[in-house]
Amino acid sequence: MNHPSRRLVIVVRADPVICGHSGEARNLAEVALTRGFDDVRLITWPIPALEAAGLPLKPLDRLLPYSPGITVERPEAVGDYRVPDGRHLAGLTGRLVELLSEPVPTVCLSMYLVPHTTVVVDAVTAARAAGFDPQVHTIAKAVGSDVTNVIRSCLREGRFGAATVLFTTFLANDEVVAVSEYTRDEIIASALEVDAHCGTSFAAQCRARVRVSYPPIDASAFLDVTDEAVEAALARRGLSRDGYILFLSRVARAKGIYDLIIAYGQMRCRDDVKLVVAGNGPALDHVRAMAKEDDRIVFLTDVDDEEKPLLMAGCAAYALPTKPEPDFVETFGIALAEKMLAGGGPIVTTLTGGTGEAVGKAAVIVEPGDINGLADALDRVVLEMSTAQRADYELRARETAMAFAREAVFDGLFPQEAGIH
């Protein structure tokens, strides 16, 4: 049997999940094909499992294809209804063990500590115990909500045993990375709390080992859009260039969508620009109900990856007034970096979590939760900002966001000289 010479396995919530990190996995996979990996696999969940979880999903019939050499695997559950949750984990873990049993040097990256890093650690342990002697190097990436949702909820609820499991699983990998400096700081702060309660030494290990790897973005998808493509996309939607403020993100409270809807109702510029809410998410139905009397607010729930940069490039302003919530804090802001590459009107956002790392000095900043300040900032951008000022923001934004181009991020995360252990 012919085996590949080098394999990359990414365990992640992949497409069609609407999540920046599913795009991150796609971008790393595509670059891997140009960096000596001749077999790249995304191990993820069956579509029915994603649908049953209630996750916001992209239109299934318009998903971008992966390049030849990238295989998306969705292992079926193992067992029947008497194993409520573990069936799918057994499927993921079992498939990874099968791959590790082959004599192929493998790098295995997991995104989200729960449950994907657990899958990797369990699979490697099982493969070694079975005597397969896997040639594997593991990297665990904390993408943000690992900490702001999972670990923080453990600490709030006093579930230090669960937090201990999370840290031991994370640190069991050969390398550990975080999606932003903010996330790294949150990991260390959480580890200090666990150490204080349990007498562990997680914080020192995290300080010494956790490094930052920002999300990789396919810059070409945002830089290479043409004016003709933008105009055609806007015409299909009944929009005009610079004729709308764009919110394109998961429709959730923590993204500031409620604040934006309220702010739009009091903006002076609302007669000049529509508000386009593009995306899906848990707050969508409620937000639609809030806006049902306002025909200037347009909802788009079927935007695919090809249309996204076109809508970004054509907007008068892009608004993401994200704010911290108990279950979510914006730990980077992938959509912000994508918008910075796409061009179009300036970004109006907040310095929440890691957004400052994404936008640098290339955005208009308002305070989280300041609805009046949000309305004023968008009025200023739309009605008062000069063409020269807008061009300056656009230039600075592109220069800043190029640091997140997927090739540069990949090479930092997977240095060529790093051997596989």
Side-chain angles (χ1 to χ4, degrees), residues 56 237-301 303 308 311-312 314-330 333-336 338-340 342 344-356 358-359 362-386 389-390 393-394 397:
R237 295 293 192 176
L239 300 171
S240 59
R241 188 183 285 269
D242 292 331
Y244 59 97
I245 294 168
L246 178 64
F247 172 96
L248 194 158
S249 185
R250 186 165 54 91
V251 185
R253 180 179 297 277
K255 299 291 187 175
I257 185 60
Y258 289 103
D259 292 350
L260 181 58
I261 295 292
I262 296 169
Y264 182 69
Q266 64 191 50
M267 289 180 201
R268 291 181 288 121
C269 68
R270 59 172 284 115
D271 292 334
D272 298 278
V273 291
K274 296 178 180 179
L275 173 61
V276 173
V277 178
N280 211 324
L284 178 61
D285 289 342
H286 191 198
V287 171
R288 268 182 161 156
M290 284 176 61
K292 67 180 180 179
E293 302 298 329
D294 194 337
D295 60 5
R296 302 285 293 167
I297 301 179
V298 178
F299 289 89
L300 304 178
T301 59
V303 174
K308 177 167 64 173
L311 292 175
M312 288 176 166
C315 69
Y318 176 86
L320 186 69
T322 182
K323 59 184 183 180
E325 294 285 344
D327 62 340
F328 181 83
V329 178
E330 195 75 63
I334 295 174
L336 292 168
E338 292 174 337
K339 170 63 182 69
M340 291 160 68
I347 292 169
V348 177
T349 189
T350 67
L351 293 182
T352 299
T355 59
V359 300
V364 176
I365 304 300
V366 298
E367 287 295 319
D370 182 358
I371 294 173
N372 291 334
L374 177 61
D376 289 344
L378 285 165
D379 276 334
R380 187 167 66 254
V381 166
V382 173
L383 299 176
E384 301 171 15
M385 190 171 283
S386 69
Q389 288 174 311
R390 292 168 67 88
Y393 269 105
E394 186 171 344

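Sequence positions, counted from 1, serve as the residue numbers for this chain. Just so you know, these numbers use all the heavy atoms, side chains as well, and skip hydrogens, waters and symmetry mates.
Rounding to the nearest 0.5 Å gives a distance of 7.5 Å between CD1 of I245 and CG of D379. Summarising the geometry, atom CD1 belonging to I257 is positioned 9.0 Å from atom CG belonging to L284; distances are rounded to the nearest 0.5 Å. Remark: M312 CE to E338 CD distance equals 5.0 Å, nearest 0.5 Å. The structure places CD of Q389 at 9.5 Å from CZ of R380, a figure rounded to the nearest 0.5 Å. Separation of atoms OG (S249) and CG (N280) is listed at 11.5 Å; rounding is to 0.5 Å. The line from CG of L374 to CG of L260 is 5.5 Å long, rounded to the nearest 0.5 Å.
Contact of the M267 side chain with the L383 side chain is not registered, since no non-hydrogen atoms from C-beta on lie closer than 4.5 Å. Here the side chains of E330 and L336 are not in contact, with every heavy-atom distance at 4.5 Å or above. A 4.5 Å side-chain heavy-atom check between M290 and I262 finds at least one atom pair inside the cut-off. Within the 4.5 Å cutoff, side-chain heavy atoms of L300 are placed close to those of L311.
Residues in residues 244-281 take part in these ring pair (Phe, Tyr, Trp, His ring centres under 6.0 Å) pairs, two or more places apart or across chains: Y258-H286. Sorted by first then second residue, the salt bridge (Lys or Arg N to Asp or Glu O under 4.0 Å) pairs that include residues 277-299, not counting sequence neighbours, are R270-D294.
Shown here for R390 and G345, the closest heavy-atom pair between the two residues is NH2-CA, 3.6 Å. Across A316 and P346, no two heavy atoms sit closer than the pair O-CD, 3.7 Å. The two residues T350 and T322 have their closest heavy-atom pair at OG1-O, 2.5 Å. Scanning both residues, K274 and G238, for their nearest heavy atoms gives NZ-O, 3.6 Å. The two residues P282 and A252 make their nearest non-hydrogen contact at CG-CB, 4.1 Å. Heavy atoms only, all atoms of each residue included: V303 and A278 are closest at CG2-CB, 4.0 Å.
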Decide side chain to side chain contact (heavy atoms under 4.5 Å, CB included) for F328 and K255; before the verdict, give the C-alpha distance in whole Å, the side-chain angles of both, and the deciding distance to 0.1 Å. CA-CA 9 Å; F328 181 83; K255 299 291 187 175; 3.9 Å; yes
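No donor-acceptor pair under 3.5 Å is formed between the side chain of K339 and the backbone N or O of A317. Not a single donor-acceptor pair under 3.5 Å links the side chain of T352 to the backbone N or O of P324. Remark: the backbone N or O of L248 is paired with a side-chain donor or acceptor of Y318 at under 3.5 angstrom.
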Show every donor-acceptor pair shorter than 3.5 Å between a side-chain atom in residues 363-370 and any protein atom, with sequence neighbours excluded, or say none if there are none.
residue	atom	partner	partner atom	Å
D370	OD1	N372	N	3.4
D370	OD1	G373	N	2.8

